[in-house]
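Computed from a predicted model, the values in this text were never measured in an experiment. Numbering of ligands and ligand atoms starts at 1, following listing order.
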Amino acid sequence: MHDDKNCIFCKIISGEIPGSKVYDDKNVIAFRDIQPAAELHLLFIHKEHTVNINEMMMKHPKQLIEIFEAINQFTSENDLINKGYRIISNVGKNAGQSVFHTHFHLLSGKRLGGIN
Ligand code: 5GP
Ligand code: ZN
């Protein structure tokens, strides 16, 4: 897997820094966001480093499917389809991206507020 030595999410993948993982397969991990914005706030990431969904789509479109397969499996197994959930991927600083390793926020729990 390609990693980036300065990337905090690559360090969570390698185990160099701890992350509370809730899902792990060949390609994808999910772990709890350190500053949760909802009752359940997870981050789904591919084990190979890209900076955002556009780079992922251009270089490795299959990885988008692999992440959504993981989201599908996790949400199916944890009754989240019934409870409801939201997926967000911020691209660029203006959108609020602060970690430049492609990631999908999964938010769930009590009724979620509006997108803003
Ligand atoms: P972004 O702001 O790039 O869309 O999302 C990055 C997310 O990563 C933020 O919600 C932030 O709380 C989370 N985050 C940043 N550093 C860490 C960390 O070291 N561990 C975990 N679990 N989450 C982190
Ligand atoms: Zn990375």
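Looking only at side-chain heavy atoms (C-beta outward), L107 and L40 stay at 4.5 Å or farther from each other. You'll find the side chain of L106 reaches within 4.5 Å of the side chain of T75, heavy atoms only. Under the 4.5 Å side-chain criterion, counting only non-hydrogen atoms from C-beta, E69 is in contact with E66.
No salt bridge links D25 with K47; every basic N to acidic carboxylate O contact stays at or beyond 4.0 Å.
Less than 4.0 angstrom separates some heavy atom of I12 from each of these atoms of ligand 1: 20 (N). For ligand 1, the atoms lying closer than 4.0 Å to a non-hydrogen atom of Q35 are 12 (O). Which parts of ligand 1 touch I8 is read off a 4.0 Å heavy-atom cut-off, strictly below it: atoms 19 (O). Numbered from 1 in the order shown, with element, the atoms of ligand 1 that lie under 4.0 Å from a heavy atom of F9 read 8 (O).
Residue contact check for ligand 1: F100 places no non-hydrogen atom closer than 4.0 Å to it. Heavy atoms of I88 come nearer than 4.0 angstrom to ligand 1 in no pair at all. Heavy atoms of G19 come nearer than 4.0 angstrom to ligand 1 in no pair at all.
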With ring pair (Phe, Tyr, Trp, His ring centres under 6.0 Å) as the test, would you mind laying out the steps for H101 and H103 before giving the verdict?
-> CA-CA 6 Å; H101 180 126; H103 54 281; 7.9 Å; no

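Residue H49 approaches the Zn ion (ligand 2) most closely through its N/O/S atom ND1.
F68 and V28 end up in the same hydrophobic cluster when Ile, Leu, Val, Met, Phe, Trp and Tyr side chains are linked at under 4.5 Å. Note on V22 and F104: same hydrophobic cluster, where clusters join Ile, Leu, Val, Met, Phe, Trp and Tyr whose side-chain heavy atoms are under 4.5 Å apart, directly or indirectly.
Protein heavy atom at the shortest distance from atom 22 (N) of ligand 1 is R32 O, 2.8 Å. Protein heavy atom nearest atom 3 (O) of ligand 1, with residue, atom name and distance: S98 N, 2.7 Å. What sits closest to atom 15 (C) of ligand 1 on the protein, heavy atoms only, is V99 CG2, 4.0 Å. When hydrogens are left out, the protein atom nearest atom 5 (O) of ligand 1 is H103 NE2, 2.9 Å; that is the closest non-hydrogen contact. Scanning the protein heavy atoms around atom 18 (C) of ligand 1, the nearest turns out to be I34 CD1, 4.0 Å.
Residues F9 and F31 place their aromatic rings such that the two centres sit under 6.0 Å apart.
For ligand 1, one of its N or O atoms has an N or O atom of N90 under 3.5 Å away. The shortest N or O to N or O distance between G96 and ligand 1 is below 3.5 Å.
Taking the six-membered ring where the residue is Trp, Y23 and F44 present tilted rings, their angle falling between 30° and 60°.
Here the shortest heavy-atom pairing between I12 and P18 reads CG1-O, 4.2 Å.
Taking the Zn ion (ligand 2) as the corner point, the angle from C7 atom SG to H101 atom ND1 is about 110° (rounded to 10 degrees).
Taking all heavy atoms of L43, I17, I45, D33 into account, the minimum distance to atom 9 (C) of ligand 1 is reached by D33.
Here the NZ-OG distance, from K93 to S98, works out to 10.0 Å after rounding to the nearest 0.5 Å.
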